[in-house]
Amino acid sequence: MKFGIIKERKSPPDRRVVLSPEACKKVETTFSNAKIVVEPSDIRVYKDSEYTDKDITVASQMQNCDVLIGVKEVPIDALLPNKKYFFFSHTIKKQPYNRNLLKAFLEKNIEFYDHEVIVNAKGARLVAFGRYAGIVGAYNGFRAYGLKYGSYALPKAETVKDQPALIAELKKIQLPNIKILLTGKGRVGNGAKEMLDGMGLQKVTLKAYLEEEFNTPVYCQIDALEYNKRKDGERSSKQEFFDKPSEYKSNFFRFAKVTDFYIAGHFYGDGAPYLFTKEDAKHPDFKIRVVADVSCDIDGPVASTIKASTIADPVYGYDPETEKETDYKNPNAIAVMAVDNLPCELPRDASVGFGESFIKHVIPAFFNNDKDGVLERARMTKDGKLTPRFSYLQDYVDGK
């Protein structure tokens, strides 16, 4: 079984890779029938020489490989027919801009597996960059706070080596006695929490956060049932909220009245209530003035996120009165950090973490007849057709 690590060709370039040199070596030593070939690349965070130093073949021989593995979408003209591919295709939600990519899989007889749908039997994702989005998103949020108020200056995350170095930078800053709210307790939320804990911030209970004043900066991490409640007032469970989100309403405003800086690290499902609306943001009691929206749903549950920002220009201002973009330094503006590809700013750490999951959950499936069904669940196309699990995309493919 020959695996090819493909060069990233999407623009702007992504420096991440699914398997680092150490990860490639681990695959070849763990599975005697596995061989890895790395396509040469001048943008990858690991130099070609770092692979050859581990005795990993670096060569432009992707046509000789059985399985081709990348991170971002492969341009249609670079897709090799009759191959197995793994990458993020951004098609499972019928994204209009990638319809032709999914069509190309079918026309070129590509057996395609999407990283986003590599899940266990219960549907939980097995490989993801979410933790690193949370890590970088929290850091960028503190950087945005310093920029808005001119109180300190942090270097851009992409210029800092790794997570410990980011935490070291955060430890240098002097924060006023602000209250910081973090939503979400999954990969993203807990990645952000690592940063808050790493810089030594005090974590307080929900009750204390809402009711007390502090003479140091503090944070509170909340989950879905703490910022949503059933419309009928009955008790509920987190699973019920995920199953029937339309029966809930937001209970977030009580936090907005006491929060200075908000980090959005939650998962947002279709039909769930918005956390805060444009009308909420107009309210005189609405206090939030800096938002790090790691989840980055445009015109969605966090009303101030009216567009994604970029690594080059990560912060913009939202004017609650006009509902339009403005200078983030304006006193009335909410400074919004909503970069939608945060893990790109920490490419080494993100590549190592993703690769560990990929080796644990995906590579073995090629050598054990996919006994856990991981490949079967992630396979979107085969023999020029959508697989039954993804047949709901047929109308999208047909342009209906």
Side-chain angles (χ1 to χ4, degrees), residues 3-6 8 10 14 16-19 66-74 76 79 83-106 108-133 184 186-188 239 242-243 245 266-272 295-297 340-341 343 350-351 353-366 368-398:
F3 298 94
I5 305 300
I6 57 178
E8 296 295 321
K10 190 178 179 183
D14 194 310
R16 293 173 294 173
V17 65
V18 172
L19 296 176
D66 305 297
V67 182
L68 302 177
I69 303 169
V71 178
K72 287 285 184 72
E73 298 100 312
V74 173
I76 290 170
L79 287 169
K83 294 291 183 187
K84 293 181 172 75
Y85 271 96
F86 280 81
F87 54 84
F88 287 104
S89 71
H90 300 113
T91 56
I92 63 168
K93 295 177 184 172
K94 304 185 179 181
Q95 290 94 322
Y97 56 90
N98 276 338
R99 185 173 79 91
N100 287 336
L101 179 63
L102 185 53
K103 283 180 69 177
F105 298 156
L106 303 173
K108 293 178 181 250
N109 191 36
I110 285 167
E111 191 171 314
F112 180 70
Y113 301 80
D114 197 306
H115 294 312
E116 202 168 345
V117 289
I118 298 172
V119 296
N120 65 18
K122 293 181 177 177
R125 287 181 66 177
L126 296 173
V127 297
F129 285 108
R131 176 184 167 222
Y132 300 93
R187 281 190 180 91
V188 174
Q239 189 57 50
F242 289 134
D243 292 342
H266 56 270
F267 169 77
Y268 178 73
D270 287 343
S295 300
C296 194
D297 293 296
D340 61 0
N341 55 344
S351 297
F354 195 90
E356 286 170 355
S357 302
F358 201 83
I359 291 174
K360 180 179 178 181
H361 298 291
V362 182
I363 299 291
F366 285 99
N368 65 17
N369 290 320
D370 192 27
K371 68 181 178 68
D372 298 318
V374 171
L375 298 179
E376 186 182 352
R377 285 188 292 272
R379 187 186 296 116
M380 290 179 64
T381 63
K382 189 179 181 184
D383 300 329
K385 298 187 183 72
L386 290 165
T387 57
R389 189 177 176 89
F390 296 94
S391 58
Y392 72 92
L393 293 170
Q394 191 62 56
D395 283 353
Y396 165 61
V397 170
D398 296 339

Below 4.5 Å, heavy atoms only, C-beta onward: do [X] and [Y] meet side chain to side chain?
X      : Y      : answer
Lys94  : Leu393 : yes
Phe86  : Val362 : yes
Ile359 : Leu19  : yes

What pairs with Glu73 under salt bridge (Lys or Arg N to Asp or Glu O under 4.0 Å), at least two apart in sequence or on another chain?
Lys10

Point-to-point distance, once rounded to the nearest 0.5 Å, from [atom1] of [X] to [atom2] of [Y]:
X      : Y      : atom1 : atom2 : result
Ile76  : Asn98  : CD1   : CG    : 8.0 Å
Glu116 : Ile118 : CD    : CD1   : 10.5 Å
Arg377 : Arg389 : CZ    : CZ    : 6.5 Å
Asn368 : Leu375 : CG    : CG    : 8.5 Å

For a side-chain hydrogen bond (donor to acceptor under 3.5 Å, both in side chains) check, start with the C-alpha distance between Asp114 and Ser89, then their side-chain angles and the critical distance, and finish with the verdict.
CA-CA 6 Å; Asp114 197 306; Ser89 71; 2.6 Å; yes

Could you tell me if the ring centre of His115 sits under 6.0 Å from that of Phe129?
no

Can you tell me how the ring of Phe87 sits relative to the ring of Tyr85, calling it parallel under 30°, perpendicular over 60° and tilted otherwise?
perpendicular

Parallel, tilted or perpendicular: rings of His266 and Tyr268 (30°, 60°)
perpendicular

SB check Lys385 Asp383 (cutoff 4.0 Å):
no

State, to 0.1 Å, how close Ile92 and Tyr392 come at their nearest heavy-atom pair, and which atoms those are.
O-OH, 2.7 Å

